[in-house]
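First comes the structure, then the notes that go with it.
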Amino acid sequence: MLSPRMLRPSVLRSLQGCAVRRSFATSAALQKDINHMTVFGAGLMGAGIVQVAAQNGIKVVMTDVSDKALENGKKIITKSLTRIARKAHPEDEAAQKSLIDKVFENISTSTSPDEAVKSSDLVLEAIVENIKVKQELFSKLDKSAPKDAIFASNTSSLSITDIAQSTEPSRQWIGWHWFNPPPQMKLVEIIKTEKTSEETYRALADLSKRMKKTAVSCKDTPGFIVNRLLVPYMLEAVRMVERGEASAEDVDVAMKLGAGYPMGPFELSDFVGLDTLSHISRGWRDSRVETGEISAEAVKESPLLEQLVKENKLGRKTGEGFRKYD
């Protein structure tokens with residue numbers, strides 16, 4: 001056995017270097033590299049995530065139920081990339097085309113769930129915000145995806161733990177919540193369940209960094225960080241108008257100029273979609289109030305919001321919500 005006195009500085013440095021290399025080697029061995037991912041859902045969110053992945057060298061399969069849906073997803077990506085290409089090469093159409101083509105080299109499409117996931121390191125869903133639909137999808141994918149493939153949900157309000165109940169207990173699960181529009185928004189939320197391993201978390205944190213996003217992490221709680229604070233805030237703004245305390249216009253101006261928010265709560269609600277806001281608040285009333293995770297007052301039903309949804313005035317996407325859009 002070596003005595004500390006027998007170790008010269010050069011020997012100490014050598015041994016310390018070996019220890020550091022072993023530490024890095026162990027860390028690297030535990031780190032799961034994600035180089036191939038599958039995204040279910042070719043709408044604005046799904047297509048946007050696919051675009052960001054492909055732009056940053058990740059091979060990605062965009063998957064949906066029909067060729068028509070996939071074509072729409074490709075149009076969304078093409079439109080977004082065209083803006084980027086024109087800005088990067090304003091006078092060079094050949095360079096613009098080359099930029100777009102290079103991104104699409106990393107994208108493939110499929111309407112076959114089994115085929116889409118057979119070689120995936122990460123499977124992410126960005127489909128309808130319905131827990132039964134998500135559970136049905138992942139229950140099928142659990143049988144065809146590689147056993148070490150990570151399953152992830154882009155849900156904004158549902159429990160990752162509850163969605164994960166549809167798969168085998170050994171499957172690694174995590175939440176990866178993106179914000180709309182994915183190419184422009186800098187933030188992603190990483191949601192860890194009680195069974196999420198450190199390896200899985202590090203793999204997704206690394207992937208987020210490679211895709212040039214800032215990641216924040218939290219536990220699997222209602223709404224995670226952003227929506228947990230944002231949804232009650234938007235609902236209380238609606239209730240202020242319902243009570244006749246202020247107009248929607250004045251509330252928006254007050255929050256922008258007084259609190260420094262880039263958008264007021266009504267502008268933001270119209271941007272998010274009033275149906276989405278209604279759906280999240282209803283889901284929390286049905287499943288989270290009873291458990292004490294959310295207060296009943298915070299997500300109390302809003303007659304004004306529900307009336308607008310009933311009239312299909314859902315915000316920007318329908319041309320009218322709390323205000324009208326051209």
Self-check item: Pair Arg210 + Asp206: basic N to acidic O under 4.0 Å
Solution: yes

Exercise. Would you check if there is a donor-acceptor pair between the side chains of Tyr261 and Asp252 at a distance under 3.5 Å?
Key: no

Quiz item: What distance separates Glu115 CD from Thr111 OG1, expressed to the nearest 0.5 Å?
Solution: 10.0 Å

Quiz prompt | Side-chain touch Val299/Ile280, heavy atoms, less than 4.5 angstrom | solution = no

Exercise. Would you mind reporting whether Ser166 and Glu136 have side-chain heavy atoms less than 4.5 Å apart?
Key: no

Quiz item: Is there a donor-acceptor contact under 3.5 Å from the side chain of Gln135 to the main chain of Asp162?
Solution: yes

Quiz item: Quick one: do the Glu293 and Thr291 side chains pair a donor with an acceptor below 3.5 Å?
Solution: yes

Quiz item: Do NZ/NE/NH1/NH2 and the carboxylate oxygens of Lys317 and Asp270 come within less than 4.0 Å?
Solution: no

Quiz prompt | Short side-chain donor-acceptor distance under 3.5 Å, Thr161 and Glu194 | solution = no

Quiz prompt | side chain to side chain donor-acceptor pair (under 3.5 Å) evaluation trace for Thr82 with Gln96 | solution = CA-CA 7 Å; Thr82 298; Gln96 293 173 17; over 6 Å; no

Quiz item: How close do Ile160 and Gly175 get, heavy atom to heavy atom, and via which atoms?
Solution: CD1-CA, 3.7 Å

Self-check item: Shared hydrophobic cluster, Val251 / Leu230 (ILVMFWY, side-chain heavy atoms < 4.5 Å)
Solution: yes

Quiz item: Does Lys192 make a cation-pi contact with Tyr201 (under 6.0 Å, within 45 degrees of the axis)?
Solution: yes

Quiz item: Donor-acceptor pair, Lys310 side chain versus Leu305 backbone, under 3.5 Å?
Solution: no

Quiz item: Around Glu198, counting heavy atoms of other residues, nucleotides and ligands shown, do more than 12 lie under 6.0 Å from its CD?
Solution: yes

Quiz item: In terms of side-chain heavy atoms, does Thr38 have a donor or acceptor partner in Ser120 at a distance below 3.5 Å?
Solution: yes

Practice problem: Grab the two heavy atoms, one from Arg228 and one from Trp284, that are nearest each other, plus how far apart they are. | Solution: CA-CH2, 4.1 Å

Exercise. Say whether, by atom type as modelled, one donor and one acceptor occur between the side chain of Lys143 and the main chain of Ser139 under 3.5 angstrom.
Key: yes

Quiz item: Within a reach of under 6.0 Å around CD of Glu290, are more than 12 heavy atoms found that belong to other residues, nucleotides or ligands?
Solution: no

Quiz item: Considering only heavy atoms from C-beta outward, does the side chain of Lys74 approach that of Ile107 to under 4.5 Å?
Solution: no

Quiz prompt | Validation row: His89, Leu99 side chains within 4.5 angstrom (heavy atoms) | solution = yes

Quiz prompt | Salt-bridge present (Lys134, Glu129; N to O < 4.0 Å) | solution = yes

Self-check item: Pairwise distance CD1(Ile150) to OG1(Thr200) - rounded to 0.5 angstrom
Solution: 4.5 Å

Quiz prompt | Criterion side chain to side chain contact (heavy atoms under 4.5 Å, CB included) against Ile127, the qualifying member of Thr63, Asn154, Asp64, Val133 | solution = Val133

Self-check item: Test item: Asp275 side-chain N/O and Val309 main-chain N/O as donor-acceptor pair under 3.5 Å
Solution: no

Quiz item: Do Asp220 and Ser159 meet the criterion of a side-chain donor-acceptor pair at a distance under 3.5 Å?
Solution: yes

Quiz item: Are side-chain heavy atoms of Pro182 and Met45 found at a separation under 4.5 Å?
Solution: yes

Quiz item: Distance under 6.0 Å and angle within 45° of the ring axis: does Arg171 meet both against Phe151?
Solution: yes

Quiz prompt | Nearest-0.5 Å distance, CE of residue Met211 to CG of residue Leu204 | solution = 9.0 Å

Quiz item: With distance as the sole criterion, is a donor-acceptor pair present between the side chains of Lys212 and Asn56 under 3.5 Å?
Solution: yes

Quiz item: From Lys219 NZ over to Thr193 OG1, what is the distance, rounded to the nearest 0.5 angstrom?
Solution: 12.0 Å

Quiz item: Any side-chain donor-acceptor pair under 3.5 Å between Ser281 and Glu301?
Solution: no

Quiz item: Distance-only, no hydrogens or angles: does the Ser80 side chain make a donor-acceptor pair with backbone N or O of Ile76 under 3.5 Å?
Solution: no

Exercise. Would you please indicate if the ring centroids of Phe138 and Phe40 are separated by under 6.0 Å?
Key: no

Quiz item: Between the side chains of Glu306 and Ser278, does any donor sit under 3.5 Å from an acceptor?
Solution: yes

Quiz item: side-chain contact (heavy atoms from CB on, under 4.5 Å) between Met62 and Ile77: does it pass, once the steps are laid out?
Solution: CA-CA 11 Å; Met62 182 167 63; Ile77 295 171; 4.1 Å; yes

Practice problem: Decide, yes or no, whether a salt bridge links Lys300 with Glu297 under the criterion of side-chain N to carboxylate O below 4.0 Å. | Solution: yes

Quiz item: Is it true that the side chains of Trp173 and Thr167 contain a donor and an acceptor less than 3.5 Å apart?
Solution: yes

Quiz item: Is the backbone of Leu314 close enough, under 3.5 Å, to the side chain of Thr318 for a donor and an acceptor to pair up by distance?
Solution: yes

Quiz item: Which pair of non-hydrogen atoms, one from Ser269 and one from Leu274, has the smallest distance, and what is that distance?
Solution: O-CD2, 3.5 Å

Quiz item: So, does Glu311 use its side chain to make a donor-acceptor pair with the main chain of Lys313 at under 3.5 Å?
Solution: no

Self-check item: For Lys213 against Val52, the heavy-atom pair lying closest together
Solution: CE-CG1, 4.0 Å

Self-check item: Reported CD1-to-OG distance for the pair Ile191 and Ser153, which is rounded to 0.5 angstrom
Solution: 8.0 Å

Practice problem: Test salt bridge (Lys or Arg N to Asp or Glu O under 4.0 Å) on Lys97 and Asp101 and set out the steps. | Solution: CA-CA 6 Å; Lys97 184 178 184 302; Asp101 290 345; 2.7 Å; yes

Exercise. Mark yes or no for whether Gln51, through its side chain, and Leu81, through its backbone, hold a donor-acceptor pair below 3.5 Å.
Key: no

Exercise. Say whether, by atom type as modelled, one donor and one acceptor occur between the side chain of Glu267 and the main chain of Gly264 under 3.5 angstrom.
Key: yes

Quiz item: Heavy-atom distance under 4.5 Å between the side chains of Glu125 and Leu137, does that happen here?
Solution: yes

Quiz item: Please walk me through it: do Leu235 and Leu277 pass side-chain contact (heavy atoms from CB on, under 4.5 Å)?
Solution: CA-CA 8 Å; Leu235 290 174; Leu277 181 57; 4.2 Å; yes

Quiz item: Do you know which two heavy atoms are closest between Ala215 and Ile190, and how far apart they sit?
Solution: CB-CD1, 3.8 Å

Quiz prompt | Nearest-0.5 Å distance, CD1 of residue Ile163 to CD of residue Gln165 | solution = 10.0 Å

Quiz item: Are Ser302 and Glu242 linked by a side-chain donor-acceptor pair shorter than 3.5 Å?
Solution: yes

Quiz item: Is there a side-chain contact between His36 and Val61, using heavy atoms and a 4.5 Å cut-off?
Solution: yes

Practice problem: Look at the rings of Trp176 and Trp178 and say which category their plane angle falls in: under 30° parallel, 30 to 60° tilted, over 60° perpendicular. | Solution: perpendicular

Quiz item: What's the shortest heavy-atom distance between Ser112 and Ser110, and which atoms?
Solution: N-OG, 3.0 Å

Quiz prompt | Exam field: side chain Gln172 to backbone Lys195, donor-acceptor pair closer than 3.5 Å | solution = yes

